[in-house]
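The figures here come from the full heavy-atom set of this structure, side chains too, leaving out hydrogens, waters and symmetry mates. Owing to the predicted nature of the structure, the values given are computational and were not obtained by experimental measurement. Protein chains get the first letters and strands the later ones, always in sequence-line order, with residue 1 at the start of each.
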Protein chains: 2
Amino acid sequence: MTGQPRQGAEDRDFLAELHAQIGGRLAQQGHRYTSGRQELVETLVLTGQPMTLPDIVEAHPKLAQSSAYRNLDILVRCGVIRRINAGGDHAYFELAEPLLGHHHHLICISCGSIEDIHFDSEIERLVDESLNEISARTGFTPTTHSLDLHGHCADC
Amino acid sequence: MTGQPRQGAEDRDFLAELHAQIGGRLAQQGHRYTSGRQELVETLVLTGQPMTLPDIVEAHPKLAQSSAYRNLDILVRCGVIRRINAGGDHAYFELAEPLLGHHHHLICISCGSIEDIHFDSEIERLVDESLNEISARTGFTPTTHSLDLHGHCADC
DNA sequence: CCTTAAGTTGATAATGAGTCTCATTCCTGC
DNA sequence: GCAGGAATGAGACTCATTATCAACTTAAGG
């Protein structure tokens with residue numbers, strides 16, 4: 001479901017529904033779902049992997065840098081896009097979890113690339129339990145967790 | 001062991017041994033363990049929580065900003081200190097896991113504070129298993145994992 | 001339609017965390 | 001002691017990201 005570029009016929013339906021959902025979310029916050037924002041989202045969906053801003057602009061040169069940054073920020077605020085701080089020069093962006101599903105990342109400490117991975121749901125359940133217990137004990141109110149694996153990717 | 005400021009008598013032994021270990025690591029890479037670097041380490045140890053560079057300089061105004069950055073970088077390269085990218089303006093620094101033990105973080109998305117937490121070792125074992133399996137399948141060579149909880153701290 | 005208000009865009013300027021430079025100072029082994 | 005390498009600190013610099021602002025687009029009323 002995740003991690004694959006989308007192009008087929010049923011994926012057009014997926015895109016249409018996604019756009020509808022996102023349009024709703026933006027409207028709730030008094031924002032418009034303009035063509036530039038749609039292209040931003042489609043670029044992320046079609047790539048199927050987290051992208052940096054230079055990645056995005058390169059893949060879609062029509063998007064002005066300043067607008068891309070501004071729109072990514074708005075989409076992040078609206079919960080449509082998630083910003084990933086991998087430690088390199090640039091932040092990475094991908095669809096937010098409500099749209100893409102809960103998952104984690106393989107982060108290469110050599111080349112900085114990021115790949116999505118999915119965990120066994122049993123493990124997720126156990127981790128969630130632990131986290132909830134810790135939250136209850138410390139008065140911390142969790143919204144999400146991130147479990148990322150750092151190392152060297154197959155190419156490095 | 002972690003998360004508590006250190007001041008007591010047996011903690012002086014801990015510090016002495018720590019300094020010895022770190023000195024060895026630095027020497028291996030042809031670096032000296034100067035007083036500025038020792039103070040950097042002690043500030044982190046005594047605080048017992050991840051700190052940003054402004055935190056460190058405020059706690060120890062003798063340290064010049066440029067030297068602090070340079071020395072943190074060297075200590076990170078030598079595996080003595082770990083850099084945490086929490087997403088805020090500043091990176092956080094803490095003792096590396098070989099010195100502080102494996103642990104995770106509560107990251108407040110309001111005020112940006114970071115607190116150390118420890119997991120049940122059984123959970124850690126299961127997570128490690130999953131991660132190893134994923135690594136084997138994808139050709140990824142892991143060095144470490146990060147499991148952080150994002151949300152609002154008790155004060156926010 | 002016309003108007004108006006609000007949202008958006010893109011070029012550009014500004015911000016600021018982190019890095020680099022370099023002259024000076026400090027160590028350390030000989 | 002002293003020569004050579006390492007470290008320091010002040011300041012200049014880089015560059016990802018944000019803010020600014022005038023021009024443009026859109027949506028809703030009247």
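- Note on A/Asn71: only backbone sugar-phosphate atoms sit closer than 4.0 angstrom, heavy atoms only; bases stay farther off.
- For the pair A/Tyr33 OH and C/dA6 P, the interatomic distance rounds to 25 Å; values are reported in whole Å.
- Comparing A/Arg32 and A/Gln65, the nucleotide of DNA chain D nearest to each residue sits closer to the 5' end for A/Gln65.
- Taking the nucleotide of DNA chain C with the nearest heavy atom to each of B/Ser35 and B/Asp73, the more 5' of the two is matched to B/Asp73.
- Backbone-only engagement by B/Arg37 is indicated by non-hydrogen atom pairs under 4.0 Å involving sugar-phosphate atoms exclusively.
- Contacts of A/Thr34 with the nucleic acid, taken as non-hydrogen atoms under 4.0 Å apart, involve only primed sugar atoms and P, OP1 or OP2.
- Here the range on DNA chain D touched by chain B, meaning any atom under 4.0 Å from one of its heavy atoms, is D/dG5 to D/dG11.
- In this structure, B/Ala64 and B/Gly30 both approach DNA chain D, and ranking their closest nucleotides by distance from the 5' end singles out B/Gly30.
- Tested against B/Phe119, the residues B/His145, B/His104, B/His103 include a single ring-ring contact (aromatic ring centres under 6.0 Å, His included) partner, B/His104.
- Residues B/Cys111 and B/Asp155 form no side-chain contact, since every pair of their non-hydrogen atoms from C-beta on lies 4.5 Å or further apart.
- B/Gln29 has its side chain out of reach of B/Arg77: every pair of non-hydrogen atoms, C-beta onward, lies at least 4.5 Å apart.
- As a whole-Å value, the separation of A/Gln38 CD from C/dT8 C1' is 14 Å.
- Formation of a donor-acceptor pair under 3.5 Å by the A/His105 side chain with backbone atoms of A/Ile114 is not found in this model.
- Within 6.0 Å of atom CD in B/Glu129, more than 12 heavy atoms from other residues, nucleotides or ligands are found, so the atom counts as buried in its surroundings.
- Nearer to the 5' terminus of DNA chain C, by closest-nucleotide assignment, is the contact made by A/Ile74 (compared with the other of A/Ile74 and B/Arg70).
- One atom, CZ of A/Arg77, and another, P of C/dT8, lie 13 Å apart when rounded to the nearest Å.
- Annotation: side-chain contact (heavy atoms from CB on, under 4.5 Å) contacts of A/Asn132 (sequence neighbours excluded): none.
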